[in-house]
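Both backbone and side-chain heavy atoms feed into the values below; hydrogens, waters and symmetry mates do not. Since we're looking at a predicted model, the values are computed, not measured.
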Amino acid sequence: MKQIKPAGITSGSQIISSPTAVVYCEGNFAQIDGKTANGLVRHSQAYRILSVIDTAYSGQDSGSVLDDAINHIPIFEDLKAAVAHEAIIPDTLIYGMAPSTGRLSKADRGVVLQAIKLGMNIVSGLHEYLSDDSEIANAASERNVSIRDIRKPKPSKDMRLFDGSVAGVEALRIAVLGTDCAIGKRTTATVLARALNAKGIKTVLVGTGQTGLMQGAKYGVAMDAVPPQFCCGELEGAIVAASEAEQPDVVLIEGQGALSHPAFCTSAFILRGSQPDAVILQHAPKRAHRCDFPQMPMPTPSSEIALIEAFADTKVIGVTLNHEHMSEAEITDTIAAQSHKLGLPVTDALARPAAHLLGMVVAAYPDLSQGPSMAAI
């Protein structure tokens, strides 16, 4: 139910010279498991998104479906229709889903092989590495196309252990965490990075998941693909590299999962590896239970805040809402109620002006330096 027009993000940042891409999201666009496709049509620096594939919304505009705001990225019923719409065959097929299994279905395999046959490169964020699949790898070799497995880590011998050097980073470090997975942490972080840079507060967003890296995050690591021993060190390394190369005022760290969620350890690694000065917490008030876990009720923002502040030497400076299943009036009422209850600023990164999100940070850190905007998100 799309009742809210987004206030803070569009797909307009796509670079015309970037490789073109069709995003495959059959049966999942605008749903939780379609979060990769959802994120890519909202923001993509690495690829110019041409279209989305999902039979359920064939013929519609993806922006209208997702955010009730036209973005001119159409949705097609299949790959054949998506390719036929273009003057030349697109460069890339992106697998735009994040199923809990992390694996390719039989039907999806057929689409991947069809794309390879057409000469398209493949980008996948699955835990199942398509470059290790003999049928897919052989087909790609025959057509001389590439397979990019976002979650495929580098060899452990090349991974970095935590050494504490993140403490020497002068930039303000803010982690955007949440009360559940697939709740909008990356989107909120992207909106905030843009708002800070536009204000002249030089900001770098460090990605920690498949979608952020697909979107073109200059710095980051797919945390859930790294052995636990190296998670903190790899993230620390990305933050230190961003600090040294960009000299930013702020480093934003994209969150994963939730610290209180028993199925995920990534929030703990993010808090340890980034040693954030502050945290912004994303919450979905109308979500009754955790994604894929109907037996697990959602935590309250107050309980998650208490856990985060007990677990790490940091402070939560504000709360952002995911307005799924909420009306405009409910968003307004919830912002007021939660702000009063928590004693913190509360906003919605998409349904409210980005200035409100910016104000949350500036209120907590009024002395942030001002300078020329040089985004690295």
ask   = Are any of the side-chain heavy atoms of I147 and N121 separated by less than 4.5 Å?
value = no
query = Shortest non-hydrogen contact from A238 to V206?
reply = CB-CG1, 4.1 Å
message = Pair R173, Q275 - check side-chain contact (heavy atoms from CB on, under 4.5 Å), show working.
response = CA-CA 8 Å; R173 299 185 300 282; Q275 301 284 295; 3.8 Å; yes
message = Quick check for you: to the nearest 0.5 Å, what is the distance between T320 atom OG1 and M360 atom CE?
response = 6.0 Å
query = With distance as the sole test, does E26 use its side chain to make a donor-acceptor pair with the main-chain N or O of T55 at under 3.5 Å?
reply = yes
task = To the nearest 0.5 Å, tell me how far K286 NZ sits from I331 CD1.
result = 10.0 Å
Pair H43-T190, side-chain donor/acceptor within less than 3.5 Å = no
Minimum heavy-atom distance L213-R148, with the two atoms named = O-NH2, 3.7 Å
remark   = Exactly one of R151, Q210, Q256 clears side chain to side chain donor-acceptor pair (under 3.5 Å) with D224, and that residue is R151
Separation between OG1 of T187 and CG of N322, rounded to the nearest 0.5 Å = 8.5 Å
Verdict with supporting geometry, D249 and T203, side-chain contact (heavy atoms from CB on, under 4.5 Å) = CA-CA 6 Å; D249 301 305; T203 300; 5.8 Å; no
request  = State, yes or no, whether a side-chain contact exists between L50 and R48 at a heavy-atom distance under 4.5 Å.
outcome  = yes
ask   = Would the number of heavy atoms belonging to other residues, nucleotides or ligands and lying under 6.0 Å from CG of N144 be above 12?
value = no
query = Applying the 4.5 Å side-chain criterion to the ILVMFWY set and letting contacts propagate, would V52 and I122 be lumped into a single cluster?
reply = no
Smallest separation among heavy atoms of L205 and A189, with atom names = CD1-CB, 3.8 Å
Any residue meeting side chain to side chain donor-acceptor pair (under 3.5 Å) with Q338, in chain and number order, not counting sequence neighbours = none
task = Determine whether M298 and V279 fall in the same hydrophobic cluster, where Ile, Leu, Val, Met, Phe, Trp and Tyr are linked whenever their side-chain heavy atoms lie under 4.5 Å apart.
result = no
inquiry  = Quick check: is L130 connected to V123 through a chain of hydrophobic side chains (ILVMFWY, heavy atoms under 4.5 Å apart)?
reply    = no
query = Which atoms form the tightest heavy-atom contact between E309 and T314, and what is the distance?
reply = CG-O, 3.8 Å
task = Inspect the contact between K152 and D132 and indicate whether a charged nitrogen and a carboxylate oxygen are less than 4.0 angstrom apart.
result = yes
Side-chain donor-acceptor distances from residues 75-85 under 3.5 Å, at least two apart:
residue	atom	partner	partner atom	Å
D78	OD1	K80	N	3.4
D78	OD1	A81	N	2.8

query = Considering only heavy atoms from C-beta outward, does the side chain of E304 approach that of L177 to under 4.5 Å?
reply = no
key: Side-chain heavy-atom pair I53, V23 within 4.5 angstrom cut-off   = no
Between T300 and S303, a side-chain donor and acceptor under 3.5 Å = yes
Qualifying ring-ring contact (aromatic ring centres under 6.0 Å, His included) pairs with a residue from residues 223-262, counting only residues at least two apart or across chains = H261-F264, H261-F293
message = Using 0.5 Å steps for rounding, measure from the CE atom of M326 to the CG atom of D333.
response = 8.5 Å
request  = Taking the side chain as every heavy atom from C-beta outward, state whether I239 and Y219 have any atom pair closer than 4.5 Å.
outcome  = no
ask   = Would you say the side-chain atoms of T211 and T36 include a donor-acceptor pair closer than 3.5 Å?
value = yes
Nearest heavy atoms of P262 and M296, plus distance in Å = CG-CE, 3.5 Å
query = Does K185 reach the main-chain N or O of D180 with its side chain, forming a donor-acceptor pair under 3.5 Å?
reply = yes
ask   = With A21, which residues qualify under side-chain contact (heavy atoms from CB on, under 4.5 Å), at least two apart?
value = Y47, I49, T92, I94
message = Grouping I, L, V, M, F, W and Y whenever their side-chain heavy atoms are under 4.5 Å apart, do L93 and L126 come out in a common cluster?
response = yes
query = How would you list, by chain and number, every residue that makes a salt bridge (charged side-chain N to carboxylate O under 4.0 Å, His left out) with E236, sequence neighbours excluded?
reply = R160
Determine all donor-acceptor pairs shorter than 3.5 Å in which one atom belongs to a side chain in residues 104-113; sequence neighbours excluded.
residue	atom	partner	partner atom	Å
S105	OG	D108	N	3.1
S105	OG	D108	OD1	3.3
S105	OG	D108	OD2	3.0
D108	OD1	Y24	OH	2.8
D108	OD2	Y95	OH	2.8
R109	NH1	D133	OD1	3.2
R109	NH1	D133	OD2	3.2
R109	NH1	E135	OE1	2.8
R109	NH2	D133	OD2	2.3

task = With rounding to the nearest 0.5 Å, note down the distance linking CG in L235 to OG in S274.
result = 5.5 Å
message = Looking at P74, is its backbone amide N or carbonyl O close enough to the side chain of D61 to form a donor-acceptor pair, meaning the two atoms are under 3.5 Å apart?
response = no
query = S302 and side chain to side chain contact (heavy atoms under 4.5 Å, CB included): which partner among L342, L344, L281, V319?
reply = L342
inquiry  = Looking at E324 and R287, is there a salt bridge between them, counting it only when a charged N and a carboxylate O are closer than 4.0 Å?
reply    = yes
message = Rounded to the nearest 0.5 Å, what separates atom SG in C25 from atom CG in N38?
response = 6.0 Å
inquiry  = Is there a side-chain contact between V251 and I253 in this structure, where contact means two heavy atoms from C-beta onward sitting under 4.5 Å apart?
reply    = yes
task = Please assess R42 against D67 for the test side-chain contact (heavy atoms from CB on, under 4.5 Å), listing each intermediate value before the final yes or no.
result = CA-CA 9 Å; R42 283 173 170 152; D67 292 316; 2.6 Å; yes
message = Hydrogens and angles aside, do R290 and S260 bring a side-chain donor and acceptor to less than 3.5 Å of each other?
response = yes
inquiry  = If the threshold is 4.0 Å, N to carboxylate O, is there a salt bridge linking R352 and E328?
reply    = yes
request  = Say whether S62 and N71, considering side chains only, have a donor N or O and an acceptor N or O under 3.5 Å apart.
outcome  = yes
key: Exercise: identify the closest heavy-atom pair between M214 and A46   = O-CB, 3.4 Å
query = After noting the C-alpha distance and the side-chain angles of H72 and I70, does the key distance pass the side-chain contact (heavy atoms from CB on, under 4.5 Å) rule?
reply = CA-CA 6 Å; H72 304 291; I70 293 173; 3.6 Å; yes
request  = Evaluate the side-chain proximity of T334 to L321: yes if any heavy-atom separation is below 4.5 Å, no if none is.
outcome  = yes
message = Do K315 and I317 make a side-chain contact, defined as non-hydrogen atoms from C-beta onward lying under 4.5 Å apart?
response = yes
query = Judged by atom type as modelled, is there a donor-acceptor pair below 3.5 Å linking the side chain of S124 to the main-chain atoms of D149?
reply = no
request  = Give a yes or no answer on whether the side chain of Q31 reaches the backbone of G27 with a donor-acceptor pair at less than 3.5 Å.
outcome  = no
Verify same cluster id: L357, I183 (apolar side-chain graph, 4.5 Å) = no
